[in-house]
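Quick note on labels: first sequence line is chain A, next is B, and so on, each numbered from 1.
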Protein chains: 2
Amino acid sequence: MSLLTPAMEALVAEFARLPGIGRKTALRLALHSLGHREEAAALAGALKRLAEECRFCKDCGNLSEEELCAVCSNPRRDAGLICVVESLPDLLAVERSGDYRGLYHILGGALSPLDGIGPRDLRIAELERRVAGGTVRELLLATNGTVEGDATALYLVERLRGADIAISRLARGVPMGGSLDFIDRLTLSRAIDGREKLQGPEG
Amino acid sequence: MSLLTPAMEALVAEFARLPGIGRKTALRLALHSLGHREEAAALAGALKRLAEECRFCKDCGNLSEEELCAVCSNPRRDAGLICVVESLPDLLAVERSGDYRGLYHILGGALSPLDGIGPRDLRIAELERRVAGGTVRELLLATNGTVEGDATALYLVERLRGADIAISRLARGVPMGGSLDFIDRLTLSRAIDGREKLQGPEG
């Protein structure tokens with residue numbers, strides 16, 4: 001028999017469904033909510049509001065409250081360059097770098113036959129449609145450096161072979177501040193292959 | 001400028017107010033809620049339900065949907081023995097041990113002058129009232145083994161000096177499965193002082 005009341009038990013169960021939150025943490029969160037009723041009400045309200053208000057940009061798939069998101073509707077962004085990412089957190093990471101002034105395209109995942117995720121499960125047809133529109137000059141493939149991310153990038157290159165655009169990929173190499181001692185040999189091998197010349201005769 | 005929509009930003013902020021949840025985890029939880037609308041609605045509902053239905057037992061301070069909680073209203077529990085704990089998680093821990101058949105009293109914290117928590121901020125007057133009721137035979141002080149928990153236990157002994165009841169404290173010593181090498185010297189010193197005789201002349 002659980003000692004918790006049914007309402008408390010239900011809340012613990014709901015918190016425990018969130019990713020990375022186990023039963024013990026869920027209990028701690030539920031007790032916190034019990035002791036902070038105002039915060040709990042605000043959280044419930046925010047969840048409800050998100051469900052009601054949040055939509056996705058029809059072009060790039062970014063979060064939006066309008067038809068087009070803040071990036072796509074910004075006339076100062078370069079509409080000729082599209083950065084293709086797997087998910088919203090990846091878009092936020094690229095945006096945080098501060099250097100990127102183009103638009104985005106969120107695929108909604110990466111190809112993963114083992115998980116049953118094929119090309120139709122990603123927003124690839126939407127990407128083709130944007131490329132066919134004619135304003136796109138370059139696609140920057142910024143899928144993750146995983147097997148799935150790499151496979152997705154290769155697939156996109158193959159699928160867009162006919163289009164008259166440049167396709168690039170994020171540079172691979174040693175991360176800033178990374179100690180060689182702690183870097184896997186594949187990354188190091190790629191960094192050596194892709195070494196940047198600092199001085200010497202033109203090649 | 002945040003790239004998130006206001007509704008998303010609000011939800012991230014609310015998740016980040018929960019204890020032990022930082023901005024990055026909050027974003028992950030909010031994105032999960034966005035992708036799992038049904039779960040998000042269920043969590044919002046559970047939070048609302050807790051605020052509406054959950055009360056505290058008027059005797060012990062435990063969670064309850066009635067005036068008295070499931071423990072206090074159980075006629076098979078020993079009403080002569082009250083285990084005094086700081087918080088609900090502590091009550092659940094004692095209950096999990098499976099050995100305890102008495103009632104509880106939740107203080108709602110421990111004395112901590114540095115944090116401005118004095119005797120009036122705890123449910124001590126309620127405890128005195130229960131003791132004065134006459135059915136209580138023994139109080140088992142099960143406050144935490146911290147400075148504040150110890151101080152609270154000492155304070156309760158002092159305050160209830162006049163009452164004709166037994167007052168006990170949880171035994172201190174080496175935890176089950178605990179390796180002596182990893183136990184702090186204070187605990188070990190207490191375990192030596194309170195050693196249990198296994199054999200030998202009566203002392």
Point to revise | Greatest number of heavy atom pairs closer than 4.5 Å to chain A - which of B:V12, B:L27, B:L31, B:T25 | key: B:L31
Review point. So which part of B:V71 gets closer than 4.5 Å to some heavy atom of chain A, the side chain, the backbone, both or neither?
Key: side chain
Review point. What residue, out of B:C54, B:G35, B:C69, B:P89, has the most heavy-atom pairs lying under 4.5 Å from chain A?
Key: B:C54
Review point. Considering only heavy atoms, which portion of A:R37 lies under 4.5 Å from any heavy atom of chain B: side chain, backbone, both, or neither?
Key: side chain
Exercise for review: Report, as yes or no, whether the 6.0 Å neighbourhood of atom CG on A:D164 holds more than 12 heavy atoms from other residues, nucleotides or ligands.
Suggested key: no
Point to revise | Region of A:F56 in contact with chain B, defined by heavy-atom distances below 4.5 Å | key: side chain
Exercise for review: Among the options A:K48, A:R28, A:E65, pick out the one with the most heavy-atom pairs lying under 4.5 Å from chain B.
Suggested key: A:E65
Study note, to complete from the structure: If one checks every heavy atom of A:L11 against chain B at 4.5 Å, the contacting part turns out to be both
**Study point:** Portion of B:L43 that has a non-hydrogen atom of chain A nearer than 4.5 angstrom
**Key:** both
Revision key, fill the gap. If one checks every heavy atom of B:L34 against chain A at 4.5 Å, the contacting part turns out to be both
Revision key, fill the gap. Correct closest heavy-atom pair for A:R17 and B:H32 would be O-NE2, 4.0 Å
Check your understanding: What is the distance from atom CG of B:L18 to atom CD1 of A:I21, rounded to the nearest 0.5 Å?
Key -> 7.5 Å
Check your understanding: At a heavy-atom separation under 4.5 Å, does B:E53 approach chain A through its side chain, its backbone, both, or neither?
Key -> side chain
Check your understanding: Does atom CD of A:E67 have more than 12 heavy-atom neighbours, drawn from other residues, nucleotides or ligands, at distances under 6.0 Å?
Key -> no
Review point. Is it the side chain or the backbone of B:A41 that comes within 4.5 Å of chain A heavy atoms, both, or neither?
Key: neither
**Study point:** Derivation of the side-chain contact (heavy atoms from CB on, under 4.5 Å) call for A:L47 and B:F15
**Key:** CA-CA 10 Å; A:L47 283 162; B:F15 270 127; 4.3 Å; yes
Check your understanding: So which part of B:A13 gets closer than 4.5 Å to some heavy atom of chain A, the side chain, the backbone, both or neither?
Key -> neither
Check your understanding: Between B:A42, B:A10, B:G20, which residue shows the highest count of heavy-atom pairs closer than 4.5 Å to chain A?
Key -> B:A42
Revision key, fill the gap. Between the OG1 atom in B:T5 and the CG atom in A:L63, the distance rounded to the nearest 0.5 Å is 5.0 Å
Review point. So, for A:R49 and B:A7, which heavy atoms are closest and what is the spacing to 0.1 Å?
Key: NH2-N, 3.6 Å
Review point. Out of B:P19, B:A40, B:S33, which one racks up the most heavy-atom pairs below 4.5 Å with chain A?
Key: B:P19
Point to revise | B:L92 vs A:L4, side-chain contact (heavy atoms from CB on, under 4.5 Å): CA-CA, chis, key distance, verdict | key: CA-CA 9 Å; B:L92 297 174; A:L4 300 175; 4.0 Å; yes
Check your understanding: Would one find more than 12 heavy atoms of other residues, nucleotides or ligands at under 6.0 Å from atom CD of B:E128?
Key -> yes
